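Before any comments, here is the structure.
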Amino acid sequence: MGFLKIDRIHHSYFTKSSATTALSNISLEIEKGEFISFLGPSGCGKTTLLSIIAGLLKPTEGNVTLENQPIEKTNNQIGYMLQQDYLFPWKTIEENILLGLKLNNQLTAKKRRETLTLLEQMGLEGVEKQYPAQLSGGMRQRVALVRTLATEPKLLMLDEPFSALDYQTKLRLEDLVSNTLKSFGKTAILVTHDIGEAIAMSDRIYLFSPSPGQIYQTFTIPDELRTLTPFHTRNHEKYPEIFQKIWKELEQVETEQ
Ligand code: ADP
Ligand code: MG
């Protein structure tokens, strides 16, 4: 039990003249294979919490464990997907997706084949020798997903990965990412300010309130929605009711600021 455990995290940023408390008393547990969302207005500490989980930032207080190990030691087992794809423009798509494996000394002929197959499964056959600038935003995000999955991270963190895309591309990518992560049994945390996206993709949603960032409420998505693809979840008869409920809470959070 408790694949990822976040235990009483507090975090303050200190500058010469001020201190900002970004997170206060955050505790939660995520099981293997779960898809979780952190939802909340900008500035409520979502990115700070992801950085702490990834071991990039040491919290002022509290601790995080992945499979009962302190996060510092499991650092390379976490994959990140961001709003911007951060592909290297001077490298080909193939070089980009194999880079993580190369850096980790894991690049075998078998891993290379598997990674190129995954690229094909993402509908990107034939782009291997092209450069990122030759691809659309949605294609680049699919490449970024392949690159993230190539090193087989235990935990994936998706920080608003669809927010720079047009609506149709975003809906298509939600399904692709969700199906892919499910088929690999990956555990994932999505950061978003989009209620619909959180409902469509998640097993559970943590709604954050700001100043300082805290967990305001937790929503468990009913089984009949969780088992559907994001696109079908959005069309389910129960979807509007859950949307309204979270919308009201989010409004409450925003007016309390
Ligand atoms: P979110 O991702 O939810 O928008 P962040 O985690 O980026 O929120 O920020 C939470 C709070 O911490 C905000 O008040 C922000 O201004 C502050 N903050 C974030 N990063 C830093 C930093 N490097 N130094 C000082 N304050 C920061
Ligand atoms: Mg953020």
Side-chain angles (χ1 to χ4, degrees), residues 4-30 35-64 66 71-72 75 78-87 137 140-141 144-145 148 153 155-165 167 170 173-174 177 181 187-202 204-219 243 246-257:
L4 177 75
K5 284 189 196 164
I6 298 171
D7 189 26
R8 284 163 291 172
I9 294 284
H10 287 260
H11 192 72
S12 298
Y13 287 105
F14 297 100
T15 64
K16 272 186 186 151
S17 55
S18 67
T20 311
T21 300
L23 293 171
S24 170
N25 198 26
I26 308 286
S27 293
L28 57 97
E29 285 193 19
I30 299 176
F35 196 113
I36 298 301
S37 287
F38 294 161
L39 177 70
S42 149
C44 66
K46 304 183 298 290
T47 298
T48 301
L49 186 55
L50 283 198
S51 302
I52 290 170
I53 296 170
L56 301 172
L57 187 66
K58 196 174 159 27
T60 319
E61 279 177 54
N63 60 74
V64 180
L66 185 64
I71 211 72
E72 296 86 40
N75 211 349
I78 293 177
Y80 242 113
M81 193 175 161
L82 306 165
Q83 183 177 341
Q84 276 185 311
D85 53 63
Y86 292 106
L87 298 174
R140 283 205 301 271
Q141 276 303 49
L145 179 64
T148 306
L155 176 66
L156 266 116
M157 311 233 264
L158 315 166
D159 197 350
E160 309 205 4
F162 312 122
S163 57
L165 304 172
Y167 191 65
K170 171 190 159 87
L173 266 191
E174 279 179 10
V177 169
L181 297 190
T187 313
I189 302 174
L190 170 74
V191 163
T192 181
H193 52 253
D194 179 335
I195 301 173
E197 183 171 294
I199 300 170
M201 300 211 51
S202 318
R204 191 160 62 255
I205 300 172
Y206 292 95
L207 175 61
F208 281 67
S209 59
S211 323
Q214 277 174 305
I215 297 173
Y216 184 80
Q217 210 165 320
T218 308
F219 300 92
F243 190 98
I246 300 179
W247 173 270
K248 275 202 193 120
E249 296 295 340
L250 192 58
E251 260 193 336
Q252 191 69 28
V253 161
E254 284 175 335
T255 54
E256 276 176 15
Q257 269 187 77

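Numbering of ligands and ligand atoms starts at 1, following listing order. Owing to the predicted nature of the structure, the values given are computational and were not obtained by experimental measurement. Atom set for the values below is all heavy atoms of this structure, side chains included, hydrogens, waters and symmetry mates excluded.
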Closer than 3.5 angstrom, by distance alone: can the side chain of Thr60 be matched with the main-chain N or O of Ser12 as a donor-acceptor pair?
yes
Under 2.8 Å from the Mg ion (ligand 2), is there an N/O/S atom belonging to Thr47?
yes
Determine yes or no for a side-chain-to-main-chain donor-acceptor pair under 3.5 angstrom, with Gln141 supplying the side chain and Pro161 the backbone.
yes
Before accepting this row, confirm whether a basic side-chain N of the pair Lys46/Asp159 lies closer than 4.0 Å to the acidic partner's carboxylate O.
no
Pairing donors with acceptors under 3.5 angstrom, does anything connect the side chains of Glu197 and Thr192?
yes
Among Ile52, Leu49, Thr48, Val191, the residue with a heavy atom nearest to atom 9 (O) of ligand 1 is Thr48
Tell me if the aromatic rings of Phe208 and Phe38 count as close, with their centers under 6.0 Å from one another.
yes
Of Gly43, Ser51, Ser12, Cys44, the residue with the heavy atom nearest atom 4 (O) of ligand 1 is Gly43
Which of the ligand 1 atoms, numbered from 1, are nearer than 4.0 Å to a heavy atom of Ser42:
4 (O)
Would you mind checking which non-hydrogen protein atom is closest to atom 20 (N) of ligand 1, with the distance to 0.1 Å?
Tyr13 CZ, 3.3 Å
shortest atom 8 (O) of ligand 1-to-protein heavy-atom contact is with Gly45 N, 3.1 Å
Protein heavy atoms near atom 23 (N) of ligand 1, is at least one of them under 4.0 angstrom away?
yes
N/O donor-acceptor pair under 3.5 Å between Ser37 side chain and Leu39 backbone:
no
Got an N/O contact under 3.5 Å between Thr47 and ligand 1?
yes
